[in-house]
Amino acid sequence: MFRWWKLSLRTKLAITLGVATLLPLLLVSAVGIRVAIGRLERSLLIQTRQTAHIALNLLLRQVQRISKESIHLAADPELHELLNLDPGLVSHYLQTHYQTSDLGLIEVADKHKTIFARWLPQDQRRYRRLFCRSGCTASVKALNYEQYLTIALVGNQLVIQAAAPIIDATFALRGAVIITAPLDGQMADYIKGVVRADIGFLNGNRPVASTFVSQTGQRILGVSPPQPLEQSVLQGNTIETVQQIEDQEFAMAFAPLQTIQGKRIGMLAVGLSREGLMHAKFSATRSLIFGGIICLIFAMSLAYVIGRRITIPLGRLHRSTQAIAAGDLEHGVTAETDDEIGDLARAFQTMTVALRENQERLAARMREIMTLHQIGRAVSSVLSLDQVLHLVVNEVTNVIGAERGVLMLLEDNGQLHLRAEVGLYHSNQALCVPNAWLQMAEEVTERHAAKAVTTTLAVPLETREQVLGALVIARREGAGSFSEADLRLLMTFADQAATAIANARLYDEIRTFSAELEEEVQRRTAELVATNAELERTISELKQTQAMLIHSERMAGLGLLVAGIAHEINTPAGAIQGSAQTFGETIDRLVERLRQFTQCRLTPKEASSLFEQMIQGRRALSQIGRLPPATIRHRARELATIFERYQILDSQRLSKRLLEAGAAEMAESIGQLADRVSPELAVGIVEDLAFLERSSLSIQAAISSLVRLVSALKSYAHTDEKGLIEADITEGLETTLTILHNQLRYGITVQKSYDPLPKVPAYVDELNQVWTNLIHNSIQAMDGKGEIEITTFMQDDWIGVRVQDNGPGIPPEIMPRIFEPFFTTKPSGVGSGLGLGIAYKIVKKHGGKIEVESRPNCTCFTVLLPKAGPQIDKKSG
Amino acid sequence: MGGIVCLLVSRCSSEEGSRAKVLRVASAGEALTLDPAAISDTESVQVAMQIFEQLVRYKEGSSQIEPALATHWSVDRRGILWTFYLRRGVRFHDGSPMNADSVVFSLERQRDRQHPFHFQDFTYWESTFRNIQKIKKVDEYTVQIRIERPFAPFLANLAMFPASIVSPTAMKKEGRQFAVRPVGTGPYQIVQWIKGNKIILARNPRHWEKTPLITHLIYEVVPDANQRLVELQSGTIDVMYDLAPSDRQLVRLHPDLNLYIVQGNNVAFLAMNTQKPPFDDPRVRQAVNYAINKEAIVKLVYQGLATSANGPIPPNLWGHNKHIRRYAYNPELAKKILAKTNYSSLYHPKLYVMSTPRPYLPSPILAARMIARNLAEVGMKVDLVIRPWSEHLRATQMGEHDLCLSGWAGDNGDPDNFLFLLLDQENARRGAARNQAMFTDEKFHQLLLRGQTEFNPKVRRNYYYLAQEIIAEQAPWVPLAHTDVVVAAQKSVHNLHVHPSTVIFYRKVSKN
């Protein structure tokens, strides 16, 4: 099995090079040959088309020749003469004149379209079928003065036919000459002789004659054009195509043949052999294949040789690489050549050396990093400052390879203080820091820069903000000075150490701070818990207060109501009480007076007349008081005159009393009886009677007022009918007004304008509360003085109630809030602020709307209720 | 590889060739002049109409007028003051702008004999435009033309080639050479005129209308009819005028060729010089009319593609009177009439014939021979004087002839164009006589003048009816035939419309 990746590079190179060279070459050659052959084929087709064009013109030239010959013959004076002498001689004439002509069949017709003379070329078989019958189209046309010319079908045969009228010198019509030539093999041969291409004739799409020859040497009829192209030809186009005739390929062109009327009756076919073309194609392909093979062999051999020269040094390089990969960095590579492979080997050598050096440097660096890492870990894990300092000094001396080292920190007093050491002398149990070190340490802390003196190195310990101290290390005398790398390393350590020291200090601070914080938090938490408990208590108190407030609002409303009602009841009750108290006294006085009256000497008739008058006088009582004072004074004077006439004393006073008792008519009677009955007494009786009458009327009025009030109360509360009922809104308004009568009657005028309204389903008592609230609100807004206008109306599906007052109006800034519960503008304690809120809720419950419009002198609440009643309730209920 | 490059190059060059669409037109005769004012022959008109445009033009395929260089126009109530509003932004081939000045120049140089560019050979102005009194520039793009009296065919006349607007700049530069290097505004501009050979026109890329598809138009002169046919068959030429009648059938038989036959607006006639004896005698002229067998001429000369004529006006033109006196072929009657006159058979009248086929007379010599034969039959022997067209025209306009074959292809589709131009006494001046019969008749003249001033078509027609009756009686001509205009062209040429005046407008013609 072939495996490409297992092949040697050399083989791959050879194959690739071979293919890479050969493929484009082959491709270009193949395309080139294809294009060239295609071009040749096209040019062959074009040539065929042109040849067809030429052949057609040649054929038409022949047609023209025949036409001209017919005209020429028709105009021949000799022929005219013969026609005059003896038509029988015409045949002879034709024979002598056209003996050698291959023009075609020549016929002569007389004026009556009868053919009377005819001449055939020697090959008689060719023409026998073409004889014109008498009266044929050609003769008819010619005898109509026309020079006729056409390509036509005679039987199965395509022919050229020309006819000309014989007109003699007198322009008399003598007959017609008709020449017919067949389009057959011989005509095709003639054309082929000129155009050097095979020619064929087709009758319609059927081949009838051609110059094509079969392999056995026999003439064949020819070919038809392919089906789809056939129609195109018969529509008048010339087409070209490639066709197979007897194992041979031809480029064919077909041109239409048409009659003089333009009817396409046949085709002219022209064929050019494609043999030469095929041969060229074959040769080209053969050279292409051979050339390709030679190229391939050459390319592969060349590639093999070059491949060898490349792969050998490569192999050597490969082995070196393997050795290096195995870790043998000492393995060298030798460069043998000066080409790219030599360059590669040299580069490889350089690379190996660099690799080795880098590896060593890497190992050293690795150690340092490890140490740093350890210190870092130690520093971050150990947070006690002293521990950190000791660790730093130990590790530093260890890593850098110094025997001694000290770390000093700046104290608050600005003095350096030894905090950690390694390898210092102990003298008398005290540590001795060499003076030189101390100086260096001071110097570096002041200058913020490292300093090196032979075997001693000093660096400052500093963070970003401040200098913390200094680190000094030293080697033994003669142990070699410190390198630049050592200094860098020490500085790194110093940075780390400084950070660690700062961290450790910070940690201490934080620990202290944290403890304080915790304490504070605990204290605050306790406070918060206490506050919270208090808050909860307050909220529960608040809730209670709210409940109480709502209850008290209801109570307040009830109180208002009761106060009003009490007043309403008190007034008539007082009236009744007053009347009832005086009733007894009056009756006693009347009885006494009546007793005195019986002692007077009166005839029964006089007595009854007087009493009758008294009773009548009582009736007139209702009118007293309604008279104007001027009239009263006038009547009083009249009465006084009557009394004076009867010499009654004290007439002025008596007449006034009588008039007040409403019994002015009695003055005459009293006067007449004055001698027997004391006028004083009579008037007294009349007075008493009038008083009784008035009291009874007053009691009646009070009672009827009470009855009305009770009925209103009943209607207002609807205590016996809960839930939705068909309610009369107008009645509700009236009831409310009755109940609020007390508040309205001092200083408030109520204008009513009621439209007739239908009954609507409603919660009557609740609605009444709405009216009460709105009217009450208005009364309060106007401060008890002003005008309230109550209007009811219908609007589409709504019933509207408008309560309008001429109070100061609602300020715009509070307008959006007026329906909020507990919102009030009244001084604290006057109103709860629930009134409009409740009204709003009730209207909503009825599925209605409440709108308010306000400006100074006109505030108008409009309640709109749906005629259909509260829809939502019905749905939910 | 070299082969491929060669193939590519050849391919490119062949495509280049196909992009430049050249159309070759061959006629028997050459244009005489391309100065539109001087033109008197159809070949010149055919070329000039490509180069020049007029204020108005005919709608394609009709004699209705549509705007060309004038976008609209108006005429005052009296019918004598015409105002034309010119198309803006039109430029001549030489780049100079077409404006009121150029219109005034183009017409004024023909009207004003003192004009520096008025040349002797302006034949048309006298006959067609003499009634123009004044041409006035109103502003840059408005021109007013005042005519003598209301003239019915005036607007139609302005669509004719003499009313072409020429470039004054070019005219001033070229002078008489303008006839060879004409500059107009038309869709084609002249490139070169190789005298006696061809006129090469190139498409005008700045034409105000849609650019034509054909890039080059080449008018070739191929005097030999056989040669023309061969060139057409071989595809050397695309359009061919003056097809010999006997060749028509061949064209019909050829599948790659088309034959365009349009009823022509023309007449072929035998004019008799009425100023010279013996033809100053109307009876002689009538006898000649009887002597000639027109039917045979139509069949043999025109191959049936014509109608024998009874009068000057073609039957398809309005105003043609079909009830006039007809002269049926009657040699016996002709002989009798001749015998009554003082014509002596010793006098052999000269019959002038052009050797060049004309659009209205395809084989003049054959026709002449037949006429000669007919006349000989009645005892009048004629001598044929055969000359090329230009010489023939010059000679007959000078009145040298006794008899001459002639004809007329109408240009403005108006009966006036036939009657007034070919038979009115105003056009019988020697030297520029389009009235080759030199016929004068005062009554006829008056009728034509009335016809020109009458705008009511019915009344006009009556005038022309009467005029035709006079011609029939006076018989200054033997009207021969009204021929169809026949043009043969390659099938690959599309959208070819032959105007009855034989002019082909190539604006929309294409070729594949």
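Letters A, B, ... are given to chains in the order of the sequence lines, protein chains preceding strands, and every chain is numbered from 1.
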ask   = Is the count of non-hydrogen atoms from other residues, nucleotides or ligands lying under 6.0 Å from A:K141 atom NZ greater than 12?
value = no

ask   = Below 4.5 Å, heavy atoms only, C-beta onward: do B:R252 and A:T150 meet side chain to side chain?
value = no

message = Using a 4.5 angstrom heavy-atom cutoff, name the option from A:E146, A:Q50, A:H53, A:K68 with the most pairs to chain B.
response = A:H53

ask   = When rounded to the nearest 0.5 angstrom, what distance separates CG in B:L253 from CG in A:L59?
value = 9.0 Å

query = Around B:K491, counting heavy atoms of other residues, nucleotides and ligands shown, do more than 12 lie under 6.0 Å from its NZ?
reply = yes

message = side chain to side chain contact (heavy atoms under 4.5 Å, CB included) for B:D247 and A:Q64? Distances and angles first, verdict last.
response = CA-CA 8 Å; B:D247 290 338; A:Q64 208 174 14; 3.1 Å; yes

message = Taking NE2 in A:H72 as the centre, count heavy atoms belonging to other residues, nucleotides or ligands within less than 6.0 Å. Is the count above 12?
response = no

Part of B:L259 lying under 4.5 Å from any heavy atom of chain A = neither

Sub-4.5 Å side-chain heavy-atom contact between A:R61 and B:V230 = yes

query = By a 4.5 Å heavy-atom criterion (distance strictly below it), what part of B:N258 contacts chain A: side chain, backbone, both, or neither?
reply = neither

query = Which atoms of A:L56 come close to chain B, meaning under 4.5 Å heavy atom to heavy atom: side chain ones, backbone ones, both, or neither?
reply = side chain

inquiry  = With a 3.5 Å distance limit and no angle check, can you tell me whether B:Q249 reaches the backbone of A:Q147 through a side-chain donor-acceptor pair?
reply    = yes

ask   = How long is the span from the CD1 atom in A:I167 to the CE atom in B:M370, to the nearest 0.5 Å?
value = 6.5 Å

request  = Grab the two heavy atoms, one from B:L250 and one from A:L149, that are nearest each other, plus how far apart they are.
outcome  = N-CD2, 4.4 Å

request  = Identify which part of A:T238 has an atom lying under 4.5 Å from any heavy atom of chain B, answering side chain, backbone, both or neither.
outcome  = side chain

